[in-house]
There are 2 protein chains.
Amino acid sequence: MDAIDLRLVELLRGNARLSYAELARQVGLSAPAVHERVGKLESSGVIRAYRAEAEPEAIGLGVTALIGIVEDSGGDTDDMLEAFRRMPEIESCYFMAGVESFLLKARVGTIAQLEELIMRLNRTPGVASTRTGIALSTKWENRPQPLELPSA
Amino acid sequence: MDAIDLRLVELLRGNARLSYAELARQVGLSAPAVHERVGKLESSGVIRAYRAEAEPEAIGLGVTALIGIVEDSGGDTDDMLEAFRRMPEIESCYFMAGVESFLLKARVGTIAQLEELIMRLNRTPGVASTRTGIALSTKWENRPQPLELPSA
DNA sequence: ACAGTCCGTGGACGCCATCGACCTGAGGCT
DNA sequence: AGCCTCAGGTCGATGGCGTCCACGGACTGT
């Protein structure tokens, strides 16, 4: 993981569809060299996935909610995680410090679907209570930030 | 935006580096037809970007925080947004219903950098108070969910 | 000095992206 | 009905790209 690797990650975070030839031009190496570096970044887990980002409203996911979960004193955290994982609406799941053990970001099509999701969450073993905040609008999301070497 | 477009978006949300040839095989069209459809999805804004997703720890962004912002009664929301936009650590910004007008997701390298960011936020005009939650771990993030036509 | 290893380059070859020409079906107009 | 037009597809050609391979230079440890 040197400066060139970091630059490659930065470029691909900005545009995952850049060709190896273009990446090679940007970092001053040959295409095969870049190909090998990116392959290693993928198999070592530094690069986890390449995803297209879609306008949520356009694909029927116009309702965004952030849901804090308070855990039962006797709850099994792993079981809860497994239950959350089986709910496809939950796009992100953070394990938090504080009273609320989890913070979930969910996207659904309608408020009715959100209501149904919250009821399912409240019924999930280990969940003591939920607190839901609705996002009126998403100003931006997953904006990539400039990267620098930890040493710098 | 028909069923084939939706399928293309779904495929690209799963893997943004799929070739047009591969997409064409998956949806049963020719590569040029897929090329044109994807181009239209991009220029109409349905597909906003293609991003590589990297392991945050590996790129020096090991600290994740979710920050709620309470707005001053006299605050200018647009000015605040502009100020947040200039802080690269803020990866996502939601305008929320509730007491806290904004919810921000920030990623930094160290707790010291987080402290510095929170101080900058508290100094920002329009910000009455902040409430920061630290993510101890990110279980998953931006998991794409299966899509279906709104009518269905 | 030597061999081994790592990491790069250059060349070759087949697949892919992309352009242009043509085809087909649906809808509206005369 | 017959025709025009347009949207959206297929097909074929071509140039660039991805990817494999053999080779070479710099560092390291012995």
Residues sharing B:V70's hydrophobic cluster, by side-chain heavy-atom contacts under 4.5 Å among ILVMFWY, directly or via others?
B:V99
Using the side-chain hydrogen bond (donor to acceptor under 3.5 Å, both in side chains) criterion, which residues pair with B:T110? Sequence neighbours excluded.
none
Can you name the ring-ring contact (aromatic ring centres under 6.0 Å, His included) partners of B:F102, sequence neighbours left out?
B:F84, B:F95
Contacted region of DNA chain D by chain A, from 5' end to 3' end of the hits, cut-off under 4.0 Å to heavy atoms, spans D:dC17 to D:dC20
Per-pair distances, 0.1 Å, donor-acceptor, side chain in residues 73-80 of chain B, under 3.5 Å, sequence neighbours excluded:
unit_1: B:D76; atom_1: OD1; unit_2: B:D78; atom_2: N; d: 2.8
unit_1: B:D76; atom_1: OD1; unit_2: B:D79; atom_2: N; d: 3.1
unit_1: B:T77; atom_1: OG1; unit_2: B:E71; atom_2: OE2; d: 2.7

Contacts of B:R51 meeting side-chain hydrogen bond (donor to acceptor under 3.5 Å, both in side chains) (sequence neighbours excluded), chain-then-number -> A:E53
Can you check each nucleotide of nucleotides 4-20 of chain C against protein heavy atoms at under 4.0 Å and return B for base, S for sugar-phosphate only, - for none, in 5' to 3' order?
---SSBBB----SSBB-
For A:E116, what residues pass the side-chain hydrogen bond (donor to acceptor under 3.5 Å, both in side chains) criterion, not counting sequence neighbours?
A:R120
Excluding sequence neighbours, so at least two apart, what forms ring-ring contact (aromatic ring centres under 6.0 Å, His included) with A:Y20?
A:H35
